[in-house]
Structures are given as structure tokens and as C-alpha cells.
Amino acid sequence: MKQLSNRHILLGVTGGIAAYKSAELIRRLKDHGADVRVVMTAAAMEFITPLTLQALSGNPVHTTLLDPAAEAGMGHIELARWADVILIAPASADFMARLANGRGDDLLTTLCLATPAPIALAPAMNQGMWRDPATQANVNILVERSIHLFGPAAGEQACGDVGPGRMLEAEDLAQRCAELFNSRLLDGVQLTITAGPTREAIDPVRYISNHSSGKMGYALARAAADAGARVTLISGPTNLPCPERVTRIDIVSATEMHEAAMAAMGQCQIFIACAAVADYRPINCAGQKIKKDNDSMQIELVRNPDIVSAVAKHAERPFTIGFAAETQDLLHYARDKLQRKNLDMIVANDVANSSIGFNANDNAVTVLTTKGEQSIAQMGKNQLAAQLIQLIAQQFLSTKQEGL
Ligand code: C5P
């Protein structure tokens, strides 16, 4: 199993002799399935060339903050949102000092300030520099800010000293990166997610559907599995691969999705309705392809079952979360749905904005419960999914405690 498959790892390389190990690190991260982009500081380029790291990562290396050409490609804010994790290896004493001071005077420090993703540092420096009280004070500040520290190891150093300050080996760093994605918040919890569009047949070759790509639902399925949940994904037709450790049930129509959801009742503690279910289906599906004999035609439609409402009404009701994709009056409609569909939580998402709507790689949402609301700013769907699963887990666990 590839522990980092499709994870976006932004590798920051700073100036130190261990920068040569970053080349090996990229290979290990890619072996584990990660998509790697590299940012180098000016000092790092004194030790290893961007060309080497570009060839190994398969992506252009980012080196400067104020470069119009780079900004026209993947700008720094986009890069900060793209990352599922920022790993800085090697992290020099100087870089850690700048990070601890909140500096944004080069591309890498700016990305660290801008990103909503977790940041991990793999320090590498002379043992005296590591032991220096100034470095230790900076390390404490960074750890207090929830920045992860991978290492350093102790041993023989490039300068001939022996002591702490060696960068961890590439495979160890890749393993630790993978562990960042496993929170165990939902260990053993049974969770069902609907995702993607449904297709409502008009005749054997035509159907009514919508633009849902399934990306958000699949990202949630993966984030839930990472949090330890046993995940069943009831999916309409999409082009996406099934995430690792997730059981997928493929359906086509809303009726089939409804049946699969009802079959999950009794064995499901959390239900997330992320699918864009067609509201209506043709009352009859023609047995043969309809011919264009007339200038106009009418298709009579009938309402589809509301799956999430049926789940929320079920005798063995799980903790139920819906989505509200709207093009106007977002929060007003979302609040209405929360109440009308008897949900525990609703995730409101403005699909009129093409950068965060159907098919987009980013999303930005407001999460509403009967007790309050919380906004999550625009970021990649994978990161957003991780944050949503964390929120859902917190609410689910506190509701369970209240029920005890
Ligand atoms: O009513 P509306 O379609 O806007 O509600 C959106 C929410 O309801 C989503 O969570 C969607 O998955 C769910 N839904 C459903 N079955 C339907 C229609 C919507 O589960 N037939």
C-alpha cells in the first residue's frame, strides 16, 4: 500500500550540507506515492542545483517570491493551498530562527505563513549550533505553534563533530510524513459517505445529471479513513480512483443510491451526504433510443427520494451531515436545510464561484450546526476534507458524550 498516494508534499530545502540528502528524500516520497514540489532558499542553491531537484520531483522548482513568471504559473498563495504538508528538510538554524520570528522575506517563509497545512521540520546543523540556547529557544517557539519536529538524530557530522544535529534518513522522514495524516480520531467508527452525481435515465443512451466531480466526497472518504474510520463510499459515476482502505459501492441513479444508503443503516454511526443527487428522474425510461420525430418533446419527471432526510428520519439514525451547494443566499438556504432535513451539521458551499465550485480543486465552506457556525477559508479539497473530518469527529464525539 502506498502511504502517501496523491498527497501533495511541498519540500522546502534550506542551506546546509544535508541538502544533498533532499534528492534521496524526493525519491522516497515519490516511491510512497506523493506528488512533490520543491522550494529552495538562496542558500540551498549553494549546495545543490534546482535542476537536480526538478528532474527528481518532475516539477519546476520554486526559488523566488517576486518572480512574475513563477507567479503566472503556480503563484505562492496557490502553492501554499496546494500543499497537504510542508516538509522542510534540511531545516537550518537560520531558517528556524526566521520562521520563529514570523518572517516572510523569502518564498519559503512566506509559504509557511500562508499555508493552512501542517509544517514539519527536519533540522540539520552542527551539534554546537543545535545546542545553542538561541536555537533551542526557537525550537520551543515552533513546537508550541504545533510545528512538527522530525529529529535531529545524533552521530558523526559532516564537519567531524559528534552529537545531535544530523538530519533523519530519507525513509524515516517519509514515514513520519505519512504518520501526520493518521489522526485516529475516528478509530473503528463506521462512516458512510455519498459522493458524485447521479444519472437519471431518459432512454438507454441518455440521462439527466449534473457537474459534480465527486472530488470533495472522495477527499472526505480518504480523510475519514486516515482518521481511523471504517468508510463505505456510495458513489455515483466519477473518474476518481477509490481511496485506499475505503469500500466503494458504485451506483448510477438516485434510487440506487437511496437503496444503498438504507442498507447501511444500523451499521453506520456517521453519514455524510456529499453527493449531488438529481432532484427528479424521468417517470418512465424509454425502452429504446428516442427518435427525433417531433420539433419538441416533453419528459415528465418525478421527485427522487431525499436520501439524507430519509437517513435522518431512520430509527437507527446516525450522526448526519449534509451539504448545501448554492449559487445565492448561501447561509439562508443552508440554515433552512439544516432544520428541514433534521441534520446535525451542514456544510455550505458557494458553487457560483468557479474557483471553489463543482469540479474545482479548491473549496471554501461554512459549517453550520444548531449551536453555531464556522467558516473554513479557501484551500485544496484534501486539506479542507481533513479539517472537516476533524470538526465532524469533534461534534460526533461530544454528541455521543452528551447522550451517555
Ligand atoms: O435539497 P438539496 O439538494 O439542496 O440538499 C443538499 C443535501 O441533501 C446534500 O447533502 C445532498 O447530498 C442531500 N440530498 C440527498 N438526496 C436528495 C437530494 C439531496 O441526500 N434527493
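First listed ligand is number 1; within each ligand, the first listed atom is number 1. Computed from heavy atoms alone, side chains included, the values below leave out hydrogens, waters and symmetry copies.
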Practice prompt. Check side-chain hydrogen bond (donor to acceptor under 3.5 Å, both in side chains) between Asp306 and all other residues, then give those that pass, not counting sequence neighbours.
Written response: Ser309, Lys341
Worksheet item: Would you say Pro305 and ligand 1 have an N/O pair spaced under 3.5 Å apart?
Response: yes
Discussion item. Please compare Ala275, Ser309, Ala325, Gly322 and report which has the shortest non-hydrogen distance to atom 12 (O) of ligand 1.
Written reply: Ala275
Practice prompt. List the closest protein heavy-atom neighbour of atom 18 (C) of ligand 1: residue, atom name, distance to the nearest 0.1 Å.
Written response: Val277 CB, 3.8 Å
Discussion item. Working note: Asn349 + Asn363, criterion side chain to side chain donor-acceptor pair (under 3.5 Å); need CA distance, chi angles, decisive distance, verdict.
Written reply: CA-CA 8 Å; Asn349 154 214; Asn363 206 348; 3.0 Å; yes
Worksheet entry | Geometric N/O contact Phe323 with ligand 1, under 3.5 angstrom | yes
Item to complete: Please work out which of the three classes, parallel, tilted or perpendicular, describes the rings of Trp82 and His8, given edges at 30° and 60°.
Response: parallel
Fill in: Asp203 side chain vs Ile290 backbone, donor-acceptor pair below 3.5 Å
yes
Discussion item. I need the Ser57 OG to Leu11 CG distance, nearest 0.5 Å.
Written reply: 9.0 Å
Practice prompt. Give the residue, atom name and distance (to 0.1 Å) of the protein heavy atom nearest atom 13 (C) of ligand 1.
Written response: Val308 CG1, 3.7 Å
Practice prompt. Would you check whether Ala276 has a nitrogen or oxygen atom less than 3.5 angstrom from a nitrogen or oxygen atom of ligand 1?
Written response: no
Worksheet entry | Minimum non-hydrogen distance to atom 1 (O) of ligand 1, winning option of Lys341, Arg340, Glu326 | Lys341
Worksheet item: Of Asp279, Ile307, Thr255, which has the heavy atom at the shortest distance from atom 15 (C) of ligand 1?
Response: Ile307
Discussion item. Under 3.5 Å between any N/O of Lys337 and any N/O of ligand 1: does that happen in this structure?
Written reply: yes
Discussion item. Holding to ring-ring contact (aromatic ring centres under 6.0 Å, His included), I want the full list of residues that pass it with His148, two or more places apart in sequence or in another chain.
Written reply: none
Practice prompt. Check whether any side-chain N or O of Thr194 sits under 3.5 Å from a backbone N or O of Ala275 as a donor-acceptor pair, and report yes or no.
Written response: yes
